[in-house]
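First up is the structure itself, then whatever we jot down about it.
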Amino acid sequence: MKINRRRFLLSSAVVGGGVLIGYSATRPSRHRRANEELAAAGENYVTSFLKIDADNTVTVYVPHAEMGQGVHTSLSMMAADELDANWELVNIEQAPATDLFANGDLVTGFAGELGAPSFLAPLISVSAVKIAELGNLQTTGGSSSVRFTGEHSMRYAGAAAREMLIDCAASRWQVPASECTTALSHVHHNASGRSLTYGELAADAALLEPSKEPTLKTREQYNIMGKAISRNDIPAKVDGTAPYGIDANPEGMLYAAIRLAPVFGTKLVSVDAGDVLSRRGIKRIVELEDSVAVVADSYWRAKMALADVVSVFEDSPNASVSTDSIFAQFDASLASGESDEDRELGDSPAAFESASDVIEASYRVPYLAHAPMEPMNCTVHLHEDGTAEVWTSTQDALGIKSRVASILGVSADKTTFHHSYVGGGFGRRLPFTWNVIDHAALIAKEFNVPVKTVLSREDDMQQDYYRPAVASNFRAAFDASGLVRAWENRFTGPIQTPGAAHIPYAIDNQSIRVVDGETHIPIAAWRSVDHSQQTFFTESFIDEVAHRAGKNPYQFRMDLLKDHPRHQRVLQTAAEAAGYGRNLPEGHALGIAVQESFGSVVAEIAEVSMDSNLRPVVHKVTCAIDCGFAVNPDTAASQIESGIIFGLTAAMYGEIKIEGGAVANNNFPDYEMVRMATSPEIDVHILESDNTLGGFGEPATPPLAAAVTNAIYILTGERVRELPIKNHKFQKPSLAQV
Amino acid sequence: MANFKVNGEDKALDIEPDMPLLWALRDELGMTGTKFGCGIASCGACTVHVNGVAVRSCVTPVSAVEGQEITTIEGLASAAAGTAQPVATFDPANSALTAVQQAWIDHQVPQCGYCQSGMIMAVSSMLAQNPNPSDADIDSSITNVCRCGSYPRIKRAIRSLATA
Ligand code: FES
Ligand code: FES
């Protein structure tokens, strides 16, 4: 199958095939397939991710979704640097949704790190998807793009292409390859003063097989990586031209507004549409198993009409579930004594038995919605000839393509996925959180024109897959000399991220166990997954332990982190930058927290005061991160700022309330966000180290909540053990004795 | 019939008078630079200018803008070139963007970018009325939501314009 260049760029290439893992481990190799299936005359794929044209331009195909994390630019930098390309001549394009660009390296990356892609783990168990099949996803999540696709695919692709270009030049000049060098998209033979552009060599190079083990650069050899390079997606985001899924506007499109069963898991019983069908622009009422939709020639008309459609959903035993009943269920589960091991070290029962002092505390956090700025949407067109098209903003284009194809009953080969920028993901647009996608496909199946299904903000708030609510009970034991000897933690599951509840502190006896926390509320990965709740719990309780021991919370942590130099280094850096220990303005305090997640270790110090209404004000957050190496330091900094503000929104305001088995929140006024006036100053310190690359998109979120509440404790003597902070009624401020 | 100007062009639409301007722009005129975020005037993603002043278009019925001049993100640069520049030192001859848009690139403000049309429209309107805003002015007049948390960079970009 040959697809012409124009069509390739405008839509997506359509090729079939099985699971391919790694660009060089495939037969036939991906680059050969790319040349056979995708390249137009005169174009040459030198590896599947790289195309070099005769005019010496290099195009890098990036297989990840651009959600603002700068991944298109960062991954291109990695390939271009290894290629020794001239950055001025590099184009960046979204790779089409085909298995040629599936990110098996993501799967192997996670498998190597944790045994499974952790952000998918809870979903895998419920949906029985085998790890092997995940190779066919184009997933963007788990702060993984640069760490896995970048390190394992893009850099290798660039380095292999460079070697192929050198080999071609050497054979053309009849000189040893070892005498050739590369720079700025040229191969040089210095001894004879000859040079060729990559463009002049590309056609020959494309005939070679890429080496499986090309030589990668060392950090000192990088020319592009490590520089703050402007993101290529930004210009279109300042003049309104950047396309998002919700902007899809194919010819003849209709719009669907949909009401899903408010109590999760219930079915539609009956619909009374009144006079709705006679109104202007209304085309049809579509009844689905769990929802009712109005399809019209405008979204507004559909939405207004839907408000007047009366629908009845079946009764459910879950209709009496509330936030209170869920936490009561959690408490019962914690009291039941039935638990599974997360981590056991030493003999903690014995340590508690011989303890001179024991400290206990109970913590909890509510469900949270993702609330990405772009409301959930999906446009589907089932053509009469059995082909289909899909437009949506997703963290998983390839998975969505197959999903929609299977619902429509057409083959994925005949389905075209149209890429766009993603208006916020945070986990909402990962595989298996499929409600809008499935509904859009089912609705569009009844039409032969494109139909765009949009969830309003209220719908999205009430029909998300939430960050789980969790309750966590702690005990710690001190011996007669005041040393902490045992740490006990019982928390409600499920565990989505193995290890998130583990602590880096040198406490000999630890008993960390999980109890059942299953409810009917659908859950999924939420930026940083379990780390966001668990770090609030563990970094708060270790602070309680420090205060009980009469120690300075910073020094207490540093002493117990003696086996974790990366943690010590970021804590020390953040403490110095924040001026920890200096005289603060009257009524201000500093709270600290540290956590390792997604390969990066992050310390945060929050400077907080209480205003005249006894509400906390976060003035400044100082953050130090050891990420190994930052491919694009400015993008990394912006991801860290973003993660901190995301964490602050959750800590201060975030609370999804369950009433009558359904979500009671509606829109931003009752799911409040940090805005300009409540956004703190943020000071980011990126530390490099010899460690492998760590993530940026998520690791800054986890420490934030505890950093803030630890500061609040110093200010008020009150320990916030339940989020969000807005629900805590503070008494009169009084500086606690530290 | 609803009649108004969008980015200098006359538009006549056969739509209900209570249709919000947001949906007239997006679905009737196919101008998708203006975004839907909440639909209830809470987030600012849908901000446009009506006679140069920032307005949340999701709660503005087209009947309320009858005969008025609407500017959207797509027309911001040409609207600015035809009238007084919000920032005196900016030279429109050398840019297809306004000073605010250029500052957004210089400070690498957008992340997912979805809120940024509304942010830029809100900030442009604020700077037109108050070219040298204090931090308190910025906090009180820019109340849009950015779920990605680009606020620190927005502040930096505004300050660079204010002191230019
Ligand atoms: S969409 Fe208009 S203010 Fe949110
Ligand atoms: S940049 Fe994503 S919501 Fe503002």
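Per chain, numbering begins at 1; letters A, B, ... match sequence-line order. Quick caveat: nothing in here was measured; it's all calculated off a predicted structure.
Between the OG atom in B:S150 and the CE atom in A:M676 there is a gap of 7.5 Å [rounded to 0.5 Å]. Here the straight-line distance linking atom OH of A:Y299 with atom CG of B:L22 works out to 10.5 Å at 0.5 Å rounding. Atom OG of A:S393 sits about 8.5 Å away from atom OH of B:Y114, to the nearest 0.5 Å. Note that the OG atom of B:S42 and the CG atom of A:D670 stand 9.5 Å from one another [nearest 0.5 Å]. Here A:N249 contributes atom CG and B:M31 contributes atom CE; the two are 12.0 Å apart, rounded to the nearest 0.5 Å.
Interface remark: of the candidates A:R301, A:M461, A:R527, A:R301 forms the most heavy-atom pairs closer than 4.5 Å to chain B. The residue among B:A24, B:C43, B:G39 with the most heavy atom pairs within less than 4.5 Å of chain A is B:C43. Residue with the most contacts toward chain B among A:Y421, A:F426, A:Y255: A:Y255 (heavy-atom pairs, distance under 4.5 Å). Between chain A and the options B:M119, B:Q116, B:R26, heavy-atom pairs under 4.5 Å are most frequent for B:R26. Contacts with chain B were tallied for A:P243, A:G70, A:G424, A:A371; A:A371 has the most, counting heavy-atom pairs under 4.5 Å. Top candidate by heavy-atom pairs under 4.5 Å with chain B, chosen from A:I246, A:D297, A:T678, is A:I246.
Using a 4.5 Å cut-off between heavy atoms, A:V674 touches chain B through backbone and side chain atoms alike. Both the backbone and the side chain of A:D239 come within contact range of chain B, judged by heavy atoms closer than 4.5 Å. Using a 4.5 Å cut-off between heavy atoms, B:I105 contacts chain A through both its backbone and its side chain. Contacts of A:D233 with chain B are made by side-chain atoms alone, with heavy-atom separations under 4.5 Å and no backbone atom involved. Residue contact with chain B, scored on non-hydrogen atoms closer than 4.5 Å, involves the backbone of A:A242 exclusively. Using a 4.5 Å cut-off between heavy atoms, A:A637 contacts chain B through both its backbone and its side chain. Contact of B:I15 with chain A is made through backbone and side chain together, with heavy-atom distances under 4.5 Å.
The shortest non-hydrogen separation linking A:F668 to B:G37 is CE1-O, 4.1 Å. When all heavy atoms of B:P152 and A:I682 are compared, the closest pair comes out as CG-CD1, 4.1 Å.
Salt bridge B:D27/A:K452: absent, no basic N to carboxylate O contact under 4.0 Å. A salt bridge links A:R280 with B:E16: the closest approach of a Lys/Arg side-chain nitrogen to an acidic carboxylate oxygen falls below 4.0 angstrom.
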* Walk me through it: do B:K155 and A:E681 pass the test salt bridge (charged side-chain N to carboxylate O under 4.0 Å, His left out)? => CA-CA 10 Å; B:K155 262 189 205 163; A:E681 182 186 346; over 6 Å; no
* **Verdict with supporting geometry, B:F36 and A:N377, side chain to side chain contact (heavy atoms under 4.5 Å, CB included)** => CA-CA 11 Å; B:F36 167 49; A:N377 64 86; over 6 Å; no
* With side chain to side chain contact (heavy atoms under 4.5 Å, CB included) as the test, would you mind laying out the steps for A:I234 and B:W104 before giving the verdict? => CA-CA 8 Å; A:I234 284 186; B:W104 252 236; 5.9 Å; no
* To do: Decide salt bridge (charged side-chain N to carboxylate O under 4.0 Å, His left out) for A:E374 and B:K35; before the verdict, give the C-alpha distance in whole Å, the side-chain angles of both, and the deciding distance to 0.1 Å.
  => CA-CA 8 Å; A:E374 177 190 0; B:K35 300 302 188 202; over 6 Å; no
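A donor-acceptor pair is defined here as one N or O able to donate and one able to accept, closer than 3.5 Å; such a pair exists between the side chain of A:S642 and the backbone of B:C148. Looking at B:R147, its side chain never comes within 3.5 Å of a backbone N or O of A:P372 through a donor-acceptor pair. Of the possible donor and acceptor atoms, one in the side chain of A:Y244 sits under 3.5 Å from a partner among the backbone N and O of B:C112. Between the side chain of A:R231 and the backbone N or O of B:P110, at least one donor-acceptor pair lies under 3.5 Å.
Residues A:S638 and B:Q108 fail the side-chain proximity criterion, which asks for heavy atoms closer than 4.5 Å. Side-chain contact check for B:W23 versus A:S298: every heavy-atom pair is 4.5 Å or farther apart. The side-chain heavy atoms of A:E458 and B:I40, taken from C-beta on, include a pair separated by under 4.5 Å. In this structure, B:C146 and A:R675 have side chains that are not in contact, with every pair of non-hydrogen atoms separated by 4.5 Å or more. Contact check for B:V145 versus A:M373: side-chain heavy atoms found under the 4.5 Å cut-off. Proximity of B:Q111 to A:K237: side-chain heavy atoms (C-beta onward) are nowhere separated by under 4.5 Å.
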